[in-house]
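None of these values were measured; they are calculated from a predicted model. We number each residue from 1, following the sequence as shown.
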Amino acid sequence: MPQEDDWDRDLLLDPAWEKQQRKTFTAWCNSHLRKAGTQIENIEEDFRDGLKLMLLLEVISGERLAKPERGKMRVHKISNVNKALDFIASKGVKLVSIGAEEIVDGNAKMTLGMIWTIILRFAIQDISVEGTLCVFICSQPSTLRGHNEVRGSSKTKNGLGFCALIHRHRPELIDYGKLRKDDPMTNLNTAFDVAEKYLDIPKMLDAEDIVGTARPDEKAIMTYVSSFYHAFSGAQKAETAANRICKVLAVNQENEQLMEDYEKLASDLLEWIRRTIPWLENRMPENTMQAMQQKLEDFRDYRRLHKPPKVQEKCQLEINFNTLQTKLRLSNRPAFMPSEGKMVSDINNAWGNLEGAEKGYEEWLLNEIRRLERLDHLAEKFRQKAAIHEAWTEGKEDMLQKRDYETASLSEIKALLKKHEAFESDLAAHQDRVEQIAAIAQELNELDYYDSPSVNARCQRICDQWDALGALTQKRSEALQRTEKLLETIDQLYLEFAKRAAPFNNWMEGAMEDLQDTFIVHTIEEIQGLSTAHEQFKATLPEADKERQAILGIHNEIAKIVQTYHVNMAGTNPYTTINPQEINAKWDKVRQLVPQRDQALIEEHARQQNNERLRRQFANQANVIGPWIQTKMEEIGRISIEMHGTLEDQLTHLRQYEKSIVNYKPKIDQLEGDHQLIQEALIFDNKHTNYTMEHIRVGWEQLLTTIARTINEIENQILTRDAKGISQEQLNEFRASFNHFDRVSNSTSRFPFCCHQGENEFSRIMSIVDPNRMGIVTFQAFIDFMSRETADTDTADQVMASFKVLAGDKNYILADELRRELPPDQAEYCMARMAPYTGPDAVPGALDYMSFSTALYGESDL
């Protein structure tokens, strides 16, 4: 360099120039030595031992010099200075007439010359002393707008050049319009003070020296101006670094918000499922049909009102998850892993548990309703039979306990005996009713009837009374038989009347009981069976009427004999309590109940016909909707493979297709209404169709979910295409290649069968496109793999290098530096997440930007 060869020692003899150089070079050296925690006071004295000189060279070069000598002797000092001079020479600098002895001896001229050589090599050489540096000063836009006074080193005495230079890069620091050309002292001091306070440029010149000297020292001026170049050059690098960090942090903040939204939506959905499943799993039965009907109505509200919005939330959750993963891949971020228990698979498992509990709950409700219906029927039947039996047994114990045979005549004894025989016949006839009562009570107990204790108590009373009647009957029979030998005359007609009237009376009571018995049927065939049995019963009425006429004929014959032979008859028939009036009354009752039974059967037949109509109405719609849903599912599968045109055209086509599917919803709602009518009619089967409402609901939900997922896949492909810069032709080529190997579905491919790379390369590729080792590759992963290597994405090393620029090449960064270079919100974001720096060169408040940069691209809580 000419400056090194043409060192003008005569100029250094000028006291003014030497003073300027001494001050400027000292300030320049201290601006670097302070980074190592030291400084110099006297430039020719403090460099004599060579220690601070070697330290200065290490700081400005960033390299380590040979280990210095720590001795105090002259030879140690010369050795240190020589090491410094050798290092300068190793950088291609030619030292002219500068020796170590002169520096050790404190030669001011040689020391200043050496420092100037160092400044030229490490501060000005890359700028080009007389070329680029001057261009840097004169090419600033502010100097080209009427500030011609800054051009040329002889024009800087008025200070406007320095002020214009600062105003160009930091206009807020100096109000250039208020400066005056005729006030150089104020201008220079303003420029020097602002540079020292805000730009970290030490004050290397004195305004008095520049103004009071005809020609200020050019080397001092160039040294000072070079500090401006480096300061503003560093500011431009910091601005670029800050922009890169802002971009990275903005992407990270957006992704974090999406993660938080996913976590909240997943938590809310899982919490709803967690609350709903125990309700569906509650199998505590109710005691009444009304309560069970209310439970069934609550379940219908759940299916109509509460569940459909949750189905939409579940579908939206999967779409948000896929969109987030796509954005993370595009920004070169690791895949998002939700909190434990909140994966999409976890939500699907929980949803499956919900639907399992829902299906079991509906079956349980219907079974409970059938059970309560059966219980009500049995309980009513028990009460009717018990009431009839209790009415029959009323007074029987008192009758059996009478001792009237002790004072009765022979005829009276025989009458009592025959009456007792008739009673035994009647008692035997009632045995079936008692057994039926006990059987019904047992069945009520087995079906867990809520009022079983009262039923059991009543049944026990009837059984105990029946046993007592049996014992009393046996006792009276034995007493009558003991006196039978004393009695010979008996009225056969009364006996015959009693024997024929009792069975006929039982038959009529049974007929009345059957005619009044309630019935439950579920099909037309069952009601037709009851109607047939009723017709058969009516066919027996003529024969029964003949029997009645015969019984009444016996009574009439008795009356005729009494009237003819003037027999003195006291009281009624001694062998039975049944009289013709009672037989006629019961016969009339039977004849009255027959048309009532006819009417009940006709009404039930009409109800079953209406139920059959509801079954056919539901089946006709279900047999159309079910195949329609299956056809649409197959069409979606073909569409996703055979679609042509741009992704936007495909997306428009799919959304139109989705709209056509949604427009079909009124038919589903109409089918739901028919299904509700069937349930309200308590219809439990339908032989006209294999489709149930549950099949239709599940198919409809799967159809909506499938079209939504297909649309989401196209949207993600658009995101990938736009982010990766893939053309439509490339995307079509990717789709053709992918479909060539797709043998499983329309969205995945058995990628391993089409890859013939080496084993290590194959493993690397599969770890990218199939990180979960599922053995299949999605089309989205296939596109990401094909375009991944050419993507222009940020890396952790780039972000780390940007932070290092902001930190001034330190291994840590301070909060003030972040606030100065970054927007406020992103500066606070960094400070909140950066860990304290703990390296050996740490200072209070130091932050570790290296670990923060690494965490942005790795597993962390950021």
Side-chain angles (χ1 to χ4, degrees), residues 1 3-5 7-9 11-125 201-206 209 217-224 226-227 230:
M1 292 186 301
Q3 287 83 352
E4 296 176 3
D5 297 335
W7 175 257
D8 193 346
R9 292 177 177 78
L11 292 179
L12 291 177
L13 297 177
D14 188 321
W17 282 32
E18 181 177 348
K19 177 181 177 183
Q20 290 180 6
Q21 288 186 10
R22 187 187 303 274
K23 178 177 179 61
T24 301
F25 291 175
T26 298
W28 183 85
C29 291
N30 284 335
S31 69
H32 293 286
L33 286 174
R34 67 181 179 183
K35 298 177 182 178
T38 186
Q39 63 179 5
I40 61 174
E41 298 294 339
N42 190 306
I43 196 168
E44 63 267 22
E45 291 296 330
D46 293 344
F47 284 145
R48 290 180 62 185
D49 58 5
L51 295 176
K52 291 188 177 180
L53 180 60
M54 294 179 69
L55 182 61
L56 174 65
L57 291 173
E58 287 183 347
V59 171
I60 62 178
S61 67
E63 301 179 19
R64 296 290 296 176
L65 275 66
K67 185 177 181 180
E69 301 287 345
R70 294 297 179 181
K72 301 296 184 180
M73 300 178 62
R74 179 179 175 81
V75 65
H76 298 144
K77 298 179 180 181
I78 292 175
S79 176
N80 291 338
V81 174
N82 276 327
K83 290 177 181 178
L85 296 178
D86 290 343
F87 178 79
I88 296 173
S90 70
K91 299 301 180 181
V93 179
K94 183 178 180 181
L95 298 173
V96 180
S97 302
I98 300 177
E101 293 80 0
E102 295 173 306
I103 302 301
V104 173
D105 291 339
N107 188 314
K109 291 182 294 182
M110 293 302 172
T111 301
L112 291 174
M114 176 190 66
I115 296 303
W116 172 244
T117 301
I118 293 172
I119 293 173
L120 284 175
R121 173 60 183 84
F122 292 102
I124 301 179
Q125 176 177 291
I201 299 176
K203 190 174 183 180
M204 301 181 185
L205 300 173
D206 288 330
D209 295 337
D217 181 59
E218 189 174 305
K219 297 179 178 60
I221 297 297
M222 292 177 66
T223 300
Y224 188 51
S226 69
S227 297
H230 289 295

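- Closest approach of Cys29 to Ile40, counting heavy atoms only: CB-CD1, 3.9 Å.
- The pair Arg74-Asp105 meets the salt-bridge criterion, with a side-chain N (NZ, NE, NH1 or NH2) lying under 4.0 Å from an Asp/Glu carboxylate O.
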Please evaluate residues Ile118 and Phe25 with respect to the criterion side chain to side chain contact (heavy atoms under 4.5 Å, CB included), reporting the C-alpha separation (whole Å), side-chain torsions for both, the decisive distance (0.1 Å), and the verdict. CA-CA 10 Å; Ile118 293 172; Phe25 291 175; over 6 Å; no
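- The backbone N or O of Gly113 sits less than 3.5 Å from a side-chain atom of Thr117, completing a donor-acceptor pair.
- Salt bridge status for Glu102 with Lys109: absent, with no side-chain N to carboxylate O gap under 4.0 Å.
- Atom CZ in Arg22 sits 12.0 Å away from atom CD1 in Ile115 (nearest 0.5 Å).
- With values rounded to the nearest 0.5 angstrom, Asn80 atom CG is found 11.5 Å from Lys67 atom NZ.
- If you take OG1 on Thr26 and CD1 on Ile43, they are separated by 4.0 Å, rounding to the nearest 0.5 Å.
- Side-chain contact between Glu63 and Phe87 is present, with heavy atoms from C-beta onward closer than 4.5 Å.
- At a threshold of 4.5 Å between non-hydrogen side-chain atoms, the residues Ile124 and Trp116 count as touching.
- In this structure, CG on Asp46 lies 10.5 Å from OG1 on Thr111, to the nearest 0.5 angstrom.
- Rounding to the nearest 0.5 angstrom, the gap separating the CD atom in Glu69 from the CG atom in Asn82 is 11.0 Å.
- The minimum heavy-atom distance between Ser31 and Pro202, with the atom names listed, is CB-CG, 3.5 Å.
- Considering every non-hydrogen atom in both His76 and Gly71, the closest pair reads ND1-CA, 3.0 Å.
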Could you list the donor-acceptor pairs under 3.5 angstrom formed by side chains in residues 47-60, with sequence neighbours left out?
| unit_1 | atom_1 | unit_2 | atom_2 | d |
| --- | --- | --- | --- | --- |
| Arg48 | NE | Val104 | O | 2.6 |
| Arg48 | NH1 | Glu45 | OE1 | 3.1 |
| Arg48 | NH2 | Val104 | O | 3.1 |
| Asp49 | OD1 | Leu51 | N | 3.2 |
| Lys52 | NZ | Gln39 | O | 2.7 |
| Glu58 | OE2 | Leu65 | N | 3.1 |

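- The backbone N or O of Lys91 lies less than 3.5 Å from a partner atom in the side chain of Arg121, making a donor-acceptor pair.
- To the nearest 0.5 Å, the span separating CD1 on Ile78 from CD on Glu101 amounts to 4.5 Å.
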